[in-house]
Amino acid sequence: MGLDKSVALVTDGRFSGTSGGPCIGHLSPEAMVGGPVAVLRDRDIIDLDIPARRLNVDLGDREIEKRKISWSPPQPKITHGWLGHFAKHVTSAEKGAYLE
């Protein structure tokens with residue numbers, strides 16, 4: 001769509017297909033468990049240092065903690081069947097994404 005020069009894909013999940021521009025996947029701690037990515041909002045400034053493999057958010061510790069207080073985990077979209085079981089029992093990508 002012509003956004004590869006101005007947009008980066010940042011996700012705590014998987015993505016497939018081809019992408020243009022910078023892509024960062026499998027962030028841990030993940031947003032689903034309340035990591036810093038969970039409290040990001042539209043228009044927050046994110047600094048990507050690709051050579052150093054760092055992602056920094058332009059928010060102070062106080063603001064991050066304030067946002068975490070009002071944060072709650074999103075409800076799973078699928079709660080039954082194999083995907084429901086997976087969502088309930090899978091560990092973080094940081095731990096290897098195995099089933100407990």
Side-chain angles (χ1 to χ4, degrees):
M1 295 180 61
L3 298 174
D4 61 323
K5 302 288 189 252
S6 60
V7 174
L9 171 64
V10 179
T11 179
D12 64 349
R14 295 178 182 259
F15 51 93
S16 63
T18 58
S19 301
C23 299
I24 299 171
H26 304 286
L27 291 172
S28 288
E30 299 172 19
M32 283 294 285
V33 294
V37 173
V39 299
L40 292 179
R41 297 180 183 160
D42 287 346
R43 295 186 171 80
D44 282 346
I45 297 173
I46 301 171
D47 174 42
L48 301 177
D49 185 343
I50 295 170
R53 301 176 59 93
R54 294 189 48 87
L55 179 146
N56 299 300
V57 179
D58 191 14
L59 296 172
D61 291 339
R62 180 177 284 158
E63 178 64 19
I64 291 172
E65 291 306 316
K66 179 178 150 188
R67 291 182 184 189
K68 280 185 177 182
I69 290 169
S70 62
W71 179 84
S72 60
Q75 294 297 313
K77 294 178 183 175
I78 299 172
T79 57
H80 61 282
W82 173 247
L83 288 178
H85 178 80
F86 180 81
K88 185 174 181 180
H89 297 285
V90 71
T91 63
S92 163
E94 176 183 45
K95 295 179 181 178
Y98 62 88
L99 293 177
E100 291 185 319

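Predicted model only: the values in this text are computed from it and were never measured. Scope of the values below: all heavy atoms of this structure, side chains included, with no hydrogens, waters or symmetry mates.
The environment of D47 atom CG is dense: over 12 non-hydrogen atoms of other residues, nucleotides or ligands sit within 6.0 angstrom. H80 NE2: 12 or fewer foreign heavy atoms inside a 6.0 Å radius. Shown here is K68, whose NZ atom has more than 12 heavy atoms of other residues, nucleotides or ligands within 6.0 Å. Around the CD1 atom of I45, the shell of radius 6.0 Å holds no more than 12 heavy atoms that belong to other residues, nucleotides or ligands.
Expressed to the nearest 0.5 Å, how far CG of L99 lies from OG1 of T91 amounts to 7.5 Å. Within the model, atoms NZ of K77 and CG of L83 stand 12.5 Å from one another, a figure rounded to the nearest 0.5 Å.
Side-chain contact between D44 and E63 is absent, with no heavy-atom pair separated by less than 4.5 Å.
For the residue pair W71 and G34, the shortest heavy atom distance occurs at CH2-N, 3.3 Å.
Screening D58, V37, L40 for a side-chain contact (heavy atoms from CB on, under 4.5 Å) involving I46 leaves a single residue, L40.
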